[in-house]
Every structure is written in structure tokens, then in C-alpha cells.
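Worth knowing before you read on, the calculation uses all heavy atoms, side chains too, and leaves out hydrogens, waters and symmetry mates. Nothing here was measured: the structure is a model prediction, and the numbers come from that model.
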Amino acid sequence: MIKYLILMIIAELIASSSQILLKKSAGRHYSSFLKEYLNILVIAGYGMLAVSMLISIICYGGLGYMNVVVMEPIGYIIVMFLSRIFFNEKITIRKVSGMILLLAGILVFYLA
């Protein structure tokens with residue numbers, strides 16, 4: 001089970017990184033409609049989402065539905081920190097409170 005939990009965290013890290021790439025691409029202006037959707041950031045972002053989805057599907061076999069669903073919110077926490085690093089977004093007290101609630105929910109699920 002631990003192997004699948006680690007694999008799920010890796011899948012969430014990949015998905016979160018892909019969201020950062022897609023957001024970076026969305027912040028740019030492109031000269032044509034095709035360039036807006038067929039650029040390296042978008043292609044890499046969606047490719048990483050596909051890899052993350054495949055890893056998550058593998059995790060369903062080892063963890064079961066509820067365990068995978070409970071681990072999904074880890075991605076929100078990862079995105080918060082990556083947004084701070086790459087976009088200088090502030091980490092507010094509300095974000096920290098939400099992160100604590102997410103982690104508390106995961107702990108309650110696994111410890112109960």
C-alpha cells in the first residue's frame with residue numbers, strides 16, 4: 001500500500017506541474033489560434049496530465065477508490081507552493097487554513 005501512496009503523490013506532483021505549465025502558457029499572448037494551443041507548454045502540460053492520469057489509474061488497483069480520492073487534494077497543496085515559486089503568488093492565511101483542513105481530513109481518513 002505504501003508503494004501506491006508514494007506513486008499517487010508522484011502523480012499529483014506531475015499533475016500540479018502540468019497545471020503550472022498551462023497557467024504559464026495562458027499568461028502569454030500568441031499571434032494565432034493554432035500557436036495558442038500548439039506550443040510546447042500546452043503540449044507538455046497536457047502530456048503530463050495524461051501521464052498523471054495513467055499513474056492514478058494504476059493506483060486505483062492498489063489503493064482502491066476511496067484511498068485515491070482522499071489523496072487527490074494533495075495536488076491543491078502542491079499547486080499552492082509551485083504558484084508561490086513560479087508566479088510569486090502570496091500564501092495567505094486562508095490558503096494555509098485550507099491546507100491544514102485538507103491535511104487534517106487526510107489524517108482523519110487514514111488514522112480512523
Let me confirm one number: the [atom1]-[atom2] distance from [X] to [Y], rounded to the nearest 0.5 Å.
X	Y	atom1	atom2	answer
Ile74	Ile10	CD1	CD1	13.0 Å
Tyr60	Met66	OH	CE	10.5 Å
Tyr4	Ile55	OH	CD1	12.5 Å
Ile58	Lys3	CD1	NZ	10.0 Å
Lys23	Glu89	NZ	CD	3.5 Å

Exercise: identify the closest heavy-atom pair between Cys59 and Met8: SG-N, 3.6 Å
Minimal non-hydrogen separation, Ser18 against Ala15, with atom names: OG-O, 2.6 Å
Is there a side-chain contact between [X] and [Y] (heavy atoms, below 4.5 Å)?
X	Y	value
Ile85	Ile20	no
Leu49	Ile14	no
Tyr30	Ser25	yes
Tyr76	Met99	no
Ser56	Glu72	yes

If hydrophobic clusters are built by linking Ile, Leu, Val, Met, Phe, Trp and Tyr wherever their side-chain heavy atoms come under 4.5 Å apart, do [X] and [Y] end up in the same one?
X	Y	value
Leu7	Ile106	yes
Leu102	Ile9	yes
Ile57	Leu5	no
Met71	Met53	no
Leu82	Phe87	yes

Test side-chain contact (heavy atoms from CB on, under 4.5 Å) applied to Leu21 and Val42, step by step: CA-CA 7 Å; Leu21 289 177; Val42 171; over 6 Å; no
Polar side-chain atom of Ser52 near backbone of Met48 as donor-acceptor pair, under 3.5 Å: no
Donor-acceptor under 3.5 Å (Tyr110 side chain, Asn67 main chain): yes
Is the number of heavy atoms from other residues, nucleotides or ligands under 6.0 Å of [X] [atom1] greater than 12?
X	atom1	value
Tyr46	OH	no
Phe86	CZ	no
Phe109	CZ	yes

Pair Arg28-Leu41, side-chain contact (heavy atoms from CB on, under 4.5 Å): steps then yes or no: CA-CA 11 Å; Arg28 295 183 180 175; Leu41 293 175; 3.5 Å; yes
